[in-house]
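Note sheet for the following structure.
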Amino acid sequence: MNINPAHQVTGDMSALMVIFGGTGDLTNRKLIPALYNLIYDQRLPKHFAIVAVGRKDMDHEQYRKQIFEQLKKYSRNDIDEMLWKNLSCLIYYFKLNFTDSVGYEGLDIFLRELDNTYQIPGNRLFYLAVAPDFFETIVMHLHKSKMAAVTKNSWKRLIIEKPFGKDLKTARLLNGKLREVFREDDIYRIDHYLGKEMIQNILVLRFCNLVFESLWSNQFIDNIQISLAEKHGVGARGGYYEQSGAMRDMVQNHLLQIVSLIAMEAPINLTPDAIKMEKLKVLNSIERFSPELLKNNIVFGQYGKGIIDGHPVPGYQEEVSERSNTETFIAMKFYINNFRWAGTPFYIRTGKRLGVHAAEIVIQFKALPDILYFSNDTEQEPNLLVIKIQPNVGVFFQFNTRDFNTEKEIMSAKMDTSHTSRAQGNTPEAYEKLILDVIKGDSTLFSSWDEVEASWMIADKITEYGRRRKLNLPNYDAGSMGPIQSFELLARDCRKWWNI
Ligand code: BG6
């Protein structure tokens, strides 16, 4: 069944994909494996080629050899020599210093030659897989060299990785610059969480199941919890992370995007504009954080040393920067002030070096009156709907039933449709879906400028508060589930984080 009939994309899919940052980590770990898996599944367009642009000195063959080694490490599918051959001959390397105007002229000539070879009418997908400091420089050079100019027969699209600005002010400046060159419809702001299977599935679960959607409100839902927990630390990205912290790294984008999908009203149809309009309304309805709310409803944390999977790991300050005030954990409680959600708290948390590596959404339904079956000695377990994003993918539902063994007691039954992505069908990676969508011109799973702007308004206030506040860090051990205050946040409301 086509789940998106209102939104068939029929444009010309032939394209040259130009990756700025061709030798970088993102290209190695995500983009090239995604392209390989697309060719593996026979989903790459017929007229298509890739130009990796980087500052290192290399020829095409050397580049291909280098990324092949990385591909072997990161591809979800086995490497088939024949398929790799087919893909590698579509991949080219172009050396360019991103600030060198003359270099862009050379790049333009090279791309035009490839247009002829691959019968591409000038369609371009410019992917900025570079440090954010280069976003503006590259876009301005694309403009000056006329490479970004749309013609009657060709499209030009820009994919931009996060961080989209460091705060509202810098995001607005960046957006202004991009919009001097690209139309809003041609700017694809990637939030890779939106490409994950279960995130895409949220709207289907909600709007294709009467049993869920009819209960999807403050009348029946007690609270909603979203946890994005990671076991790993910041690795080699300490420099970036010191500037971002968990708030800018995970909340401003991934977590708020998930909140907006969980809480939005049904769109009038499935076009990107209709969906984004409803998501934006959610972001604009999140309660404004007064100083009181900031103090009571936000918990910042930073990991100290600890043990993960039996191995000792250092604390953030030892790994990245002594006396750092950067948060590697954040938990928040807030309300969405609209008719559907007023009074139902949303609790969200994310952190690095936690004891569990998992992303899940827990919908806790309200309890029935404790009259018939539930008395002092029998506790009523609530109905829980859990949307498992990773590593397990699927849905879990908990409901009450008679315990046949004891004849009279109530037990909670657990229905779990989830599977590990490795175990069943090898779930496609987010980047595969997202790259293909850009080639098709489908922006549903990308953040609009309005959404980014609304998220920064929320994030700025919290970050500013966090930076001003004197925190006694580190305040949680690596391998735990975050600071004690995160548990207290829910305990105060007589609730608890459900285990993920
Ligand atoms: C990125 C963050 O956006 O998402 C990283 O910058 C984080 O810090 C990553 O580790 C998590 O993504 P995933 O897909 O591994 O859950």
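For this chain, numbers begin at 1 and follow the sequence in order. Ligands are counted one by one from 1 in listed order, and the atoms in each one are counted from 1 as well.
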*K276: side-chain contact (heavy atoms from CB on, under 4.5 Å) partners, not counting sequence neighbours*: P272, S443, S448, E451
*Contacts of H254 that satisfy side-chain contact (heavy atoms from CB on, under 4.5 Å) - sequence neighbours left out*: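 If we apply the side-chain contact (heavy atoms from CB on, under 4.5 Å) test to H254, skipping adjacent residues, the hits are K162, D191, H192, Y193, L228, M250.
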*Test: R349 cationic atom under 6.0 Å from W497 six-membered ring centre, within 45° of axis*: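 Output yes; distance and angle both within limits.
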_Going by the rule ring-ring contact (aromatic ring centres under 6.0 Å, His included), which residues pair with Y93 if we only count those two or more places apart in sequence or in a different chain?_
Y63
*Pair K169 + D460, salt bridge at N-O below 4.0 Å*: no
_F346-W341 aromatic ring centre distance below 6.0 Å_ =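 Here the rings of W341 and F346 have centres that are less than 6.0 Å from each other.
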_For a quick check: using heavy atoms under 4.0 Å, what are the residues in contact with ligand 1, sorted by chain and number?_
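K162, H192, Y193, K196, E230, H232, R237, D249, M250, H254, K352, Q390.
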